[in-house]
Amino acid sequence: MNFEHLIPILVSTVAAATPLIYAALGELVTERAGVLNLGVEGMMLVGAVAAFAAGIASGSLVLAFVAGMLAATAVSLLFAFLTLSLQTNQVATGLALTLFGVGLSAFIGRGYAGMPIERVPRLDIPGISDLPVIGPLLLNYDALVYLSIALYFALSWFLNHSRAGLRLRATGESPTVAHAIGEPVIAIRYLAVMFGGAMAGIAGAYLSTALTPMWVEGMSAGRGWIALALVVFATWKPLRVMLGAYLFGGVTVMQLYAQGFGVDVPSEFLSMLPYAATIVVLVIICRDPKTILLNQPASLGKSFHPDA
Amino acid sequence: MSLSSQVLQALWPFRLEQRPVPSSLMRLASPLIAATAMALTGLIVFLILGEDPMTAFQVFFLKPLSTTYDLGELGLKATPLMLCALGLALGFRANVWNIGAEGQLTLGAIAGSGIALFWGEALGSLALPVMMIAGMLGGMAWAAIPAFLRSRFHTNEILVSLMLVYIAQQLLGYLVHGPWRDPDGNNFPQSKVFVENAILPMLVEGTRVTVAFIIGLLLAVASWVFSTQTFAGYRMLVAGLAPAAAAYAGFSERRNIWLALLIGGGMAGLAGISEVAGPIGLLQPVVSPGYGFAAIIVAFVGRLHPFGIVLASLLMSLLYLGGEAAQIDLQLPSSITGLFQGSLLFYLLAADLFITFRLRRVRRESRAVASAAS
């Protein structure tokens, strides 16, 4: 295998990693505010179907992504209302959101199966995107890939260097203290959940318009859950989310190329790889309970009632 | 007091107030409220789809109850839901979140089918009992993975048990496309049809409901006895309600994790083999339309109580049948079932608020006091 063969693998790795990056970075912000939203899979599916439907109806990919974001944000609001205003159990409500999202997206998408949609175009700068090696490897992706990297930088700055990011983290570490010094804990958490929803919506939209430009029921195939695992794997740090997402993108792509390289393993076993890898990675990270205790937002998953 | 909150209070002069003690009436009423809210949502969805809401309602919720055959179908679909949910509820009550029942069900179907396909004839009348045991062991083995990883490596059982669902489905796909495919089956990805003595007997002539339904009911009673009458059940209950108290009393967390997952996995495995040895009769790429996930809703709607779960599984089964009837009679998409199931759980969680809280009308005097105080 020479370098020529490696380029398409690396390129598809980046594409497979991109939806994971959006979903996981969104969930990271939600969890840093102390809210565990297990509904990522459901929000992604709702985003995917809404983007696809809007793309078909309007013919505009920008509108498709806007629709995906809005739809997923809307269902995330449902979750926020239940867990933050009505204090329901976050685990149960998140599961409900996923089950609801699977059902809702299948229902909305019933007429769209098998329809073609224009794929998100790749960057194509004449003369530059054609450069050997660097061209295809760095300068020939769609806009969402570059935006995902920008999102990483923006979020790292926001969480670690901005005042608002500090308030968000304080809310996640100790809502009682944050409330006592006058922070609007519930409002901050609402915004964090909605941000997670919007990012899951982009991730879903990317699935149905860029990665595989079509609508298939349940097309996220567990990516929302892998994104949740990525946040744990990343010990709630954005940089490690990026590394983890590219690692998983690589594992996903490997199954497609393995047979091309003469690896004689039934395709079903190769398809198990990303899920098995998720388990292995979780075990490695969680092995030492201190790693989790030191990094996990202290109030993660716990309801907070300002009057109590 | 700010102007906006004054406006808000004028429009909505109520306030949530914690009840002195949780309301046991609301605990029972909440699933009924949720079911009613879901039915109303259904009416609105039917209206949006341009159907006559009353006709659609009748087709969806009443027609599946009209004949003996239909009632049999109700029991048939309630069986796997009941079996899975009974096991899951034991775990949920002990704060063990096994959400991979769908995978454990699949493994149960695989393990039991293995017996049926290779030793079905040889075992004679012993085939079914051995298959059922194999199915339970298959589900237990699959659930043992998250149990081991959580108790040994502190790995979150939600994510592990869920990942194992996808792995189980791929394994099933491999078997029916590969080594277990029927060589005379026109290349269809499915196993040979099980021999007669490896098929569960019918419960009522003219229906498809099998004896597995009775097994489910018996296990509901067993599950009730386990959680109310045994010390192991009590320990799990305490671990869920007051983890600190359980630790102080020296109740082993590991034992609870193992028990919850093994019981949950075993019941889901039993559900899986009951499906393939019942209505399906062979192994195929899809053995469940998401029963393992719907069982999560069943467990909550049934208040995590065995008898509640029996009722809730019948309700959820009705939603599956209603979806099918709506598809056949009204050409409505059957995915409407998933929509109803998801919204049912949302409504339930919201209605549960009123177990611990109540709405109180804010009186003028107290409003004046409140504004004076601020």
Side-chain angles (χ1 to χ4, degrees), chain A residues 38 41-42 78-79 81-83 85-89 91-111 217-218 221-222 225-226 228-229 232 266-279 282-289 291-292 305 307-308, chain B residues 16-18 45 49 92 95 97 99 145-146 149-150 152-156 158-160 162-175 177-179 290 293-294 296-297 299-300 332-354 356-357:
Chain A
L38 293 182
E41 180 87 0
L78 211 60
F79 171 87
F81 176 70
L82 284 165
T83 55
S85 297
L86 302 187
Q87 321 269 319
T88 60
N89 178 315
V91 172
T93 314
L95 289 176
L97 179 56
T98 284
L99 295 169
F100 178 74
V102 171
L104 181 68
S105 62
F107 182 66
I108 297 175
R110 67 199 187 275
E217 229 179 275
W225 293 102
I226 291 180
L228 274 159
V232 180
S267 64
E268 288 90 355
F269 287 95
L270 295 169
S271 306
M272 290 176 192
L273 276 177
Y275 310 111
T278 307
I279 297 178
L282 279 174
V283 169
I284 292 171
I285 289 297
C286 302
R287 206 181 32 186
D288 182 5
T291 323
I292 298 299
H305 191 49
D307 299 343
Chain B
L16 274 179
E17 181 184 271
Q18 192 140 20
V45 172
L49 291 173
F92 292 170
N95 252 331
W97 295 93
I99 60 166
I145 300 172
L149 296 181
R150 160 126 185 231
R152 179 79 180 73
F153 297 112
H154 320 278
T155 313
N156 180 316
I158 297 181
L159 293 170
V160 174
L162 197 103
M163 290 296 129
L164 286 170
V165 173
Y166 294 100
I167 296 180
Q169 285 168 346
Q170 294 294 337
L171 182 65
L172 174 61
Y174 163 71
L175 288 173
H177 283 96
F293 293 116
I296 299 171
I297 305 176
F300 281 110
L332 290 178
S334 66
S335 48
I336 203 166
T337 298
L339 190 65
F340 282 3
Q341 290 177 343
S343 57
L344 176 64
L345 185 50
F346 268 138
Y347 285 127
L348 180 83
L349 290 166
D352 275 357
L353 175 76
F354 297 101
T356 45
F357 287 87

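These numbers were taken from a predicted model, which means no experiment stands behind them. Each chain gets a letter, A, B and so on, in the order the sequences are listed, and its residues count up from 1.
Using a 4.5 Å cut-off between heavy atoms, A:Leu86 contacts chain B through both its backbone and its side chain. With a threshold of 4.5 angstrom between heavy atoms, A:Leu78 approaches chain B through side-chain atoms but not through N, CA, C or O. Looking at B:Phe92, neither its backbone nor its side chain comes within 4.5 Å of chain A, counting heavy atoms on both sides. Using a 4.5 Å cut-off between heavy atoms, B:Tyr174 touches chain A through backbone and side chain atoms alike. Using a 4.5 Å cut-off between heavy atoms, B:Ile336 touches chain A through backbone and side chain atoms alike. In this structure, the portion of A:Leu38 lying under 4.5 Å from any heavy atom of chain B is its side chain and not its backbone. Contact of A:Arg110 with chain B is made through the side chain alone, with heavy-atom distances under 4.5 Å. Of the two parts of A:Phe81, neither the backbone nor the side chain holds a non-hydrogen atom closer than 4.5 Å to a non-hydrogen atom of chain B. Using a 4.5 Å cut-off between heavy atoms, A:Pro266 touches chain B through its side chain atoms alone. Of the atoms belonging to A:Val91, it is side-chain heavy atoms, and not backbone ones, that fall under 4.5 Å from chain B. Heavy atoms of A:Thr88 lying under 4.5 Å from chain B belong exclusively to its side chain. In this structure, chain A has heavy atoms under 4.5 Å from both the backbone and the side chain of B:Leu349. Looking at B:Leu175, neither its backbone nor its side chain comes within 4.5 Å of chain A, counting heavy atoms on both sides.
Considering all non-hydrogen atoms of both residues, A:Gly222 and B:Met163 come closest at O-CE, 4.3 Å. Considering all non-hydrogen atoms of both residues, A:Ala221 and A:Glu41 come closest at N-OE2, 3.7 Å. In terms of heavy atoms, A:Thr278 sits closest to A:Pro274 at OG1-O, 2.7 Å. Taking all atoms of both residues into account, the shortest heavy-atom contact from A:Thr98 to A:Gly42 is OG1-N, 3.6 Å.
A:Trp225 is linked by a ring-ring contact (aromatic ring centres under 6.0 Å, His included) to nothing, counting only residues two or more places apart in sequence or in another chain.
Taking the six-membered ring where tryptophan is involved, the planes of A:Tyr275 and B:Tyr166 are essentially parallel, since the angle between them stays under 30° and well short of 60°. Taking the six-membered ring where tryptophan is involved, the planes of A:Phe100 and B:Phe346 are perpendicular, since the angle between them exceeds 60° and thus also 30°.
The choice from B:Ile296, B:Thr337, B:Ile297, B:Ile99 that makes the most heavy-atom pairs within less than 4.5 Å of chain A is B:Ile99. Your options are A:Leu82, A:Asn89, A:Val283, and the one with the most heavy-atom pairs under 4.5 Å with chain B is A:Val283. Looking only at heavy-atom pairs under 4.5 Å with chain B, the residue among A:Glu268, A:Gln87, A:Glu217, A:Arg287 that has the most is A:Glu268. Between chain A and the residues B:Leu345, B:Leu353, B:Leu149, B:Ile167, the most heavy-atom pairs under 4.5 angstrom are made by B:Ile167. For chain A, the option among B:Asn156, B:Val45, B:Val165, B:Leu171 with the highest count of heavy-atom pairs below 4.5 Å is B:Leu171.
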Exercise. Take B:Leu344 and B:Leu348, measure what side-chain contact (heavy atoms from CB on, under 4.5 Å) needs, and give me the verdict at the end.
Key: CA-CA 6 Å; B:Leu344 176 64; B:Leu348 180 83; 5.7 Å; no
Self-check item: Residue pair A:Leu270, A:Leu273: steps toward the side-chain contact (heavy atoms from CB on, under 4.5 Å) verdict
Solution: CA-CA 5 Å; A:Leu270 295 169; A:Leu273 276 177; 4.1 Å; yes
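Formation of a donor-acceptor pair under 3.5 Å by the B:Ser343 side chain with backbone atoms of B:Phe340 is found in this model.
Note that the CZ atom of B:Phe153 and the CG atom of A:Leu282 stand 12.5 Å from one another [nearest 0.5 Å].
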